[in-house]
**Student:** 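One structure coming up, written as structure tokens, with questions to follow.
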Amino acid sequence: MEIARVAIDVPVDTLFDYLPGPATAADVGRRVLVPFGRTDTVGVLHGFAATEEPFDRKLKPVARVLQDVQPLDDRILRLLDFCARYYHYPLGATVMGALPPRLRRTGALPSKLAKVYALSESGRKRALAQAPARISLQWRILRLLAVEDETGSAPLRALGPGAPAALRRLVTARYVEEKALVAPAVEPAPIIAYPILRPTLTQEQARAVEAICGGDEQYRPWLLHGITGSGKTEVYLRALEQALSQGKQVLYLVPEINLTPQLEAFLRSRAAEARLIPLHSGLGEGDRARNWIAAQRGEADIILGTRLAVFTPIPRLGLIVVDEEHDASFKQQEGLRYSARDVAVMRARQAGIPIVLGSATPALESYAQALAGRYGLLRLNSRPSGRSPAISLVDTGRECLQEGLSATVRKALVDCLDRGEQGLVFINRRGYAPALYCRACRWIAGCPRCSSRLVVHLRDRKLACHGCGHEERLPVACVQCGNQDLAPVGQGTQRVEQFLATEFPRARLLRVDRDSTRGKIVWQGMREEIAAERVDILVGTQMLAKGHDFPKLTLVAVLNADSALFSTDFRAAERLFAQLVQVAGRAGRGSRPGEVLIQTEFPDHPLFQAVLAQDYDRFAQAQLAERRRARFPPFSYQALLRAEATRSGAELDFLERGAAEGRALALDSSVRVYDPVPALRARVAGLDRAQLLVQAEARAKLQAFLHKWCPSLGALAGRKVRWTVDVDPLDL
């Protein structure tokens, strides 16, 4: 007997068994409608299994095979199987999570997905057979389809009032195949009109392009390490053009597509003949489904997307580009906690194609792979303009600060405005001030649902938690002692903006952070204002640190850089270095020289000295030496068991039992199970959180341990504790 195995989006690590019903082997990878509980749900037919053993339960048949979308191909199914095993996440949830949200539900597809119909092999034989004595409506439909390869629904419906019902019966009987005809994706006009130019490549760029394109279409990962403004995008584009000329499709991954609109406009202008589709969460469900199907059908040449796009079916995939590969946004922090960069490397290996990982500050894991020879290392050490920004450190221990700005920074802003250029004041902290403080009793406003301080948003007269979203009105007096002398402590973007408006009353200011850019068209309008030179001073967070090219911006001033030095996370220094280098790279990208001022109380710190020298290799090798001594990644492999519960202490009790179970299983001394500890933010949204770290010397040993350990955790947790396993975690 043969049973159908279906992947369903439920938190149970198993496939569900059904009688095949209308499903056949040709339907593997298709969405199917199956009875589940008291209702029907959508799943993906994962395969068939033969069995001769009697069932101890009555199996229900697959209700319907949804043929409006092509099936997931075998490569994608194998990639998803690998991800479910490696990241220890239920297979059904992994497979269904890779689909656009609209395809995970029952019901008709978005109206923009027009239906077309074609004869199946059996339908063609029936249509060409001798006409029956009584000419039925079904036979007339078959005859019409025999003349046309593919026909829309309108000509078929015109055959008579009963044509829709007759057509549905033919589809059910598999005489007619129903397909989704993807309408052209809505492509927004470029925000900036780029000239269609092919600049002359530098020698470094030419060598990089030759290396990437000269591998006879075989798997080869390349780490493109290029300083900011060195022309990495041009290298990507030449490799992309080569792939397109061979009839291939290209997957181009970026960390945050809403922050890189210039890239989309640039690609559209340079590859005008190619069809580019975006895939990201900012799209409506209908547009996202339509673009996904266009990629699956091979009708899209360039797929430009964020991390989830790595699972898009692409039949003619010939090249993968991962821009800003170091960015933490490529790591999913909920559900299947995958790294899109690592999955992209696995997908390139599976398809036997080259992949380019590009960054000015590569992740130390990628850099170590390149040093070991497992990745090819390509370098771009200079800008085509020949000028890198001049970086200076401002010792704030020797200068008096006004609202976080030193006299040196204020003077540099005056000079920048006098030259008619643009400046950026970078502070990675939104709101007016990070805390509200009572001078009398030392009370600090805290979130009632989190172990976080409430941030002052003075313009909106409110306190807000940036962790759980809790908001409350700004108090007029201390809730603890009644004192009215409450002081906002520290600086955020709003406070800096207010000070600059007073200090430079004639300057045109623009604040760019998550609060000021809410709404789909707000940030687009801001970019147009900056590009049109109607902004003099930008005040912004990390939203402005990457992916933007403003030729008139010549000055970057970085405030509050020291706060990241005091962290328990061993990756904090790497993140700070990358952030400083990235934001410094916004200066001087045009014809004018750039200047970068970094305020710090520790100008002699090795990290700041490496930034000053713009020497990534020195910094990276020092960090790798420290990690080798401490046995931290990439010289070890980690998994983090996270737990949260509404009842305080339940999460730690669960982790204690999990640790004991793990130590009993970890007979090999190369796998170490650490003690449970509270999370860095021990309470979020009313849930107490804790974590437990597991570390191993080899990836295979860690995986072997997790495969034995994870199945036992569900029983230990019960219903009062919610837990997840994070393999290769980025945040500890």
Side-chain angles (χ1 to χ4, degrees), residues 9-14 82-94 97 331-339 342 449-451 467 568-571 630-633 635-732:
D9 188 6
V10 291
V12 180
D13 192 15
T14 185
F82 164 79
C83 289
R85 292 194 309 273
Y86 183 82
Y87 293 106
H88 297 271
Y89 196 68
L91 178 57
T94 301
K331 174 72 171 177
Q332 173 71 19
Q333 297 296 342
E334 295 178 352
L336 175 68
R337 295 174 181 252
Y338 67 96
S339 165
D342 296 345
R449 305 176 65 216
C450 302
S451 56
T568 57
D569 193 338
F570 67 88
R571 288 189 173 90
R631 303 306 302 167
F632 284 155
F635 304 104
S636 64
Y637 301 89
Q638 296 178 335
L640 198 65
L641 176 60
R642 305 177 190 269
E644 55 188 22
T646 54
R647 182 173 64 82
S648 180
E651 75 288 352
L652 283 171
D653 290 342
F654 159 68
L655 292 180
E656 290 284 1
R657 295 194 300 272
E661 180 80 11
R663 291 182 182 118
L665 294 172
L667 302 178
D668 191 334
S669 61
S670 64
V671 177
R672 182 171 182 181
V673 180
Y674 288 86
D675 292 330
V677 295
L680 185 60
R681 293 173 58 199
R683 185 172 177 82
V684 173
L687 295 173
D688 290 300
R689 308 192 310 162
Q691 60 193 38
L692 181 155
L693 181 67
V694 178
Q695 185 167 300
E697 296 177 359
R699 193 189 305 272
K701 291 184 177 180
L702 177 63
Q703 285 294 322
F705 168 78
L706 293 176
H707 281 293
K708 293 187 294 183
W709 187 45
C710 289
S712 65
L713 295 176
L716 295 177
R719 296 184 177 181
K720 296 182 179 180
V721 178
R722 190 163 60 190
W723 61 275
T724 58
V725 173
D726 189 356
V727 180
D728 302 331
L730 289 186
D731 298 308
L732 298 181

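Just so you know, these numbers use all the heavy atoms, side chains as well, and skip hydrogens, waters and symmetry mates. Here the structure is a predicted model, which means the values were calculated and not measured.
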**Student:** Report the distance from atom SG of Cys710 to atom CG of Asp13, rounding to the nearest 0.5 Å.
**Tutor:**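 Going from the SG atom of Cys710 to the CG atom of Asp13 covers 9.5 Å.
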**Student:** State, to 0.1 Å, how close Cys450 and Ala685 come at their nearest heavy-atom pair, and which atoms those are.
**Tutor:**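 Taking Cys450 first and Ala685 second, the nearest heavy atoms are SG-N, 3.2 Å.
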**Student:** If we check side chain to side chain contact (heavy atoms under 4.5 Å, CB included) with Leu655, which of these qualifies: Val721, Leu716, Leu692?
**Tutor:**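 It is Leu692; the other options fail the test.
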**Student:** Rounded to the nearest 0.5 Å, what separates atom CZ in Arg689 from atom CG in Leu652?
**Tutor:**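 Answer for the CZ-CG pair, Arg689 versus Leu652, is 12.5 Å.
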**Student:** Distance check, rounded to the nearest 0.5 Å: Leu641 atom CG versus Leu693 atom CG?
**Tutor:**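 If I round to the nearest 0.5 Å, the distance is 10.0 Å.
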**Student:** Tell me whether the count of non-hydrogen atoms from other residues, nucleotides or ligands lying under 6.0 Å of NZ in Lys720 goes above 12.
**Tutor:**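 No, because the 6.0 Å sphere around NZ of Lys720 holds 12 heavy atoms or fewer from other groups.
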**Student:** What heavy-atom pair brings Phe705 and Gly662 nearest, and what distance separates the two atoms?
**Tutor:**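 Closest approach of Phe705 to Gly662, heavy atoms only: CE1-O, 3.3 Å.
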**Student:** What's the shortest heavy-atom distance between Lys708 and Leu665, and which atoms?
**Tutor:**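 Where Lys708 meets Leu665 most closely, the heavy atoms are NZ-O, 3.5 Å.
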**Student:** Take the angle between the ring planes of Tyr338 and Tyr87 and call it parallel below 30°, perpendicular above 60°, tilted in between.
**Tutor:**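 Answer is perpendicular, since the angle exceeds 60°.
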**Student:** Before accepting this row, confirm whether a basic side-chain N of the pair Asp731/Arg642 lies closer than 4.0 Å to the acidic partner's carboxylate O.
**Tutor:**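 Not counted as a salt bridge, because no side-chain N and carboxylate O are separated by less than 4.0 Å.
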**Student:** Considering only heavy atoms from C-beta outward, does the side chain of Val671 approach that of Val694 to under 4.5 Å?
**Tutor:**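 In short, these two side chains touch, coming nearer than 4.5 Å.
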**Student:** Out of curiosity, Arg337 CZ to Asp726 CG, how far, rounded to the nearest 0.5 Å?
**Tutor:**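 Here the rounded value is 5.0 Å.
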**Student:** Got a second to check how far Gln695's CD is from Arg672's CZ, nearest 0.5 Å?
**Tutor:**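 So the gap between those two atoms works out to 8.0 Å.
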**Student:** Closest approach of Phe654 and Leu713, non-hydrogen atoms and distance?
**Tutor:**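 So the two residues come closest at CE1-O, 3.5 Å.
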**Student:** What salt bridge (Lys or Arg N to Asp or Glu O under 4.0 Å) pairs are there with at least one residue in residues 690-706, not counting sequence neighbours?
**Tutor:**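 The answer is Asp668-Lys701, Arg699-Asp728.
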**Student:** Sequence neighbours left out, what pairs pass salt bridge (Lys or Arg N to Asp or Glu O under 4.0 Å) with at least one residue falling in residues 654-666?
**Tutor:**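 Qualifying pairs, neighbours excluded: Arg663-Asp675.
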**Student:** Nearest 0.5 Å, what's the CG-CZ distance between Leu730 and Arg571?
**Tutor:**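 Between Leu730 CG and Arg571 CZ, I get 5.0 Å after rounding to 0.5 Å.
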